[in-house]
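In this chain, residues are counted from 1 in sequence order.
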Amino acid sequence: MSGFARRLAGIPWREIVGDAFSRVFLVAQAFCAVHVVNTHVCSFALLRGASMLPAVNLAGDVVAVDRVSARLGRVAPGDVVLLISPEDPRKAVVKRVIGMEGDAVTYLVDPGNSDASKTVVVPQGHVWVQGDNIYDSRDSRQFGPVPYGLITGSIFCRVWPLKNFGPIDSKE
């Protein structure tokens, strides 16, 4: 047997492979833990757009989203929520909850052009959501009450930009 083959035979391959496998398994466990926390407990979201001005910056804010409160039914009027768009299920939108099931909600039909208002009673299992900037928001005024199941989380904290770090203003 040549010297090279003897050196290869002297390497503890089983120990190296076992150590590599345990490290890969540890990384996979970490990815699974991050996925579970991100999906079911708390996550971050980048918000952009004019519909929530002035509560959210037009250029974009990074916010922390509480995923547990929506599952436990702890969303209340005044809360800013992340929800699946009723118009395009591939999009997530951010709106403020204005009314819960059974609430009578009065809103301006076309705030830019008239003072005409309409009152709607929110049906069971639904919420009424609106953007803070009523002049530039597609919300329940256009697509009606939103099924509660479309709410994926409640926004509780602005993380970025750092100068605005803190809770999102609550309106009632």
| said: side-chain contact (heavy atoms from CB on, under 4.5 Å) for Leu108 and Ile134? Distances and angles first, verdict last. | reply: CA-CA 9 Å; Leu108 294 173; Ile134 62 171; 4.2 Å; yes
State, with a plain yes or no, whether a side-chain heavy atom of [X] is found less than 4.5 Å away from one of [Y].
X      : Y      : answer
Ser154 : Val65  : no
Arg23  : Leu26  : no
Met52  : Asn133 : no
Phe44  : Val159 : yes
Ile151 : Val127 : yes
Arg158 : Phe165 : no
Phe143 : Ser85  : no
Pro145 : Glu101 : no

| field | Contact summary for Asp79 and Arg74, nearest pair of heavy atoms | value | OD2-O, 3.9 Å
Linking I/L/V/M/F/W/Y whenever their side-chain heavy atoms sit closer than 4.5 Å, directly or via other members, would [X] and [Y] fall into one cluster?
X      : Y      : result
Val75  : Val93  : yes
Met100 : Val146 : yes
Val122 : Val97  : no
Trp160 : Leu46  : yes
Val81  : Ile84  : yes

| task | List the steps and the verdict of side-chain hydrogen bond (donor to acceptor under 3.5 Å, both in side chains) for Ser117 and Thr106. | result | CA-CA 7 Å; Ser117 63; Thr106 302; over 6 Å; no
| field | Short side-chain donor-acceptor distance under 3.5 Å, Arg67 and Thr39 | value |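 There is no such pair between these side chains.
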| task | Output, in order, the C-alpha distance, side-chain angles, deciding distance and verdict of side-chain contact (heavy atoms from CB on, under 4.5 Å) for Arg96 and Gln130. | result | CA-CA 5 Å; Arg96 190 175 303 274; Gln130 285 183 203; 6.0 Å; no
| message | I'd like to know if the side chain of Ser140 reaches the main chain of Val129, judged simply by a donor and an acceptor atom lying under 3.5 Å from each other, with no hydrogens or angles considered. | response | yes
| query | Looking at CZ of Arg141 and NZ of Lys118, how far apart are the two atoms once the value is rounded to the nearest 0.5 Å? | reply | 13.0 Å
